[in-house]
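All chains are named by letter (A, B, ...) in the order of the sequence lines, taking the proteins before the strands, and each is independently numbered beginning at 1. A quick note: this is a predicted structure, and the numbers were derived from the prediction, not measured.
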Amino acid sequence: MPPEVATALDATTLLGWFDRHARDLPWRDPERTPWGVLVSEIMLQQTPVARVLPVWREWLDRWPTPQDLAAESQGEIVRAWGKLGYPRRALRLHAAARAITEHHGGEVPSDVETLLALPGIGAYTARAVAAFAYGKRTPVVDTNVRRVVARAVHGAGDAGPPSTRRDLDDVDALLPEGPDEARAARFSAALMELGALICTARSPRCADCPFSASCAWQKAGRPAYSGPAKPTQRYGGTDRHVRGLLLDVLRATTEPVTKEQLDVAWPKAGQRDACLDSLLTDGLVEQTGDGRFALPGEH
DNA sequence: CAGACGTGGAT
DNA sequence: TATCCAAGTCT
């Protein structure tokens, strides 16, 4: 047997910690379906767990299979997405459900390549579904994992700019080997959980971390982040903001609304009209025969 | 690769 | 009040 490579993130230690501290999230229930996992992963993109929970429950109750969602209208889906944010995700999930229904026999694919071909599913989500829904050994790299690896392995205060290839290789090297792929999948979930609960961005709880002794960042004296400055994001007054306000008007009614009703949502006419155009282009809004506006009604 | 794309709670 | 930031994807 080859000697174990020394690692700052020992699998047995991490899995033991996960057994004791993992949150009891519904998409981790042994009874949940791959579809439930996929829905959770899309909703969780850039969105906190607490906000996803009630919407995920409603969705799985209303549309327990991909076929159920595929049969629903786009407008109902965008409405049910509510204020989770980035509503194009709802449209993409709908399109994914249709592709799954039409091309994959109604079963959520289990291999990364097939998942990657579905709308809204990228490098992270494809591997998250393969690992968490199907127990596969594959590197699952999200913002939490990148931060944990940056600190515990590389001794940096935080992760630098993402590089999919390098990040995947980094994490692949940490995954436990052997025939028990489910153990590697659980390791991936545990790594994310460590980043979410202990090795957090703002105030890491190193005192509660099972790796405080082996962590490269600890050993280096917890140096501050030294990489390139991260772009600071604004929201107020941006097109994102205005699009959200326009969509808010449409989510509030089931009847189409007039242009005048949309106009009250934002005072700057030029920006407002440009945003409405972009919503039409994205398929989040459609114009009815009489010139009014509504959430998309296509079935 | 940089920038667009929602929203709201925490600090 | 202002800034940070939360399980990314697409162009």
Nucleotide C/dA7, atom P - distance to CH2 of A/W27 in whole Å: 12 Å
Residue A/E107 excluded, over 12 heavy atoms near CD under 6.0 Å: no
Connected via hydrophobic side-chain network under 4.5 Å: A/V249 and A/L280: yes
Sugar-phosphate only, base, or nothing, as touched by A/A50 at under 4.0 Å among non-hydrogen atoms: nothing
Within residues 124-150 of chain A, residues whose heavy atoms come under 4.0 Å of DNA chain B: none
C1' atoms of B/dC1 and C/dC10, separation to the nearest Å: 12 Å
Touch class at under 4.0 angstrom, heavy-atom based, for A/L25 against every strand present: base
SB check A/D263 A/K259 (cutoff 4.0 Å): yes
Residue among A/W35, A/W81, A/W27 satisfying ring-ring contact (aromatic ring centres under 6.0 Å, His included) with A/W59: A/W81
Distance, rounded to the nearest Å, where A/K230 contributes NZ and C/dT3 contributes C1': 14 Å
Distance between P atoms of B/dG8 and C/dT9 (Å, rounded): 23 Å
Sugar-phosphate only, base, or nothing, as touched by A/P119 at under 4.0 Å among non-hydrogen atoms: sugar-phosphate
From A/L276 atom CG to A/R243 atom CZ, the distance as rounded to the nearest 0.5 Å: 10.0 Å
Residues that A/T258 engages under side-chain contact (heavy atoms from CB on, under 4.5 Å), provided they are two or more places apart: A/E260, A/Q261, A/R292
A/T232 or A/G195, whichever maps to the more 5' nucleotide of DNA chain C: A/T232
Centroid-centroid under 6.0 Å between A/W266 and A/H241 rings: yes
First encountered from the 5' end of DNA chain C, between A/G122 and A/A201: A/A201
Separation of C/dT9 P from A/L115 CG (nearest whole Å): 11 Å
Contact pattern, 5' to 3', of nucleotides 5-11 of chain B - B, S or - by protein heavy atom under 4.0 Å: BBBB--S
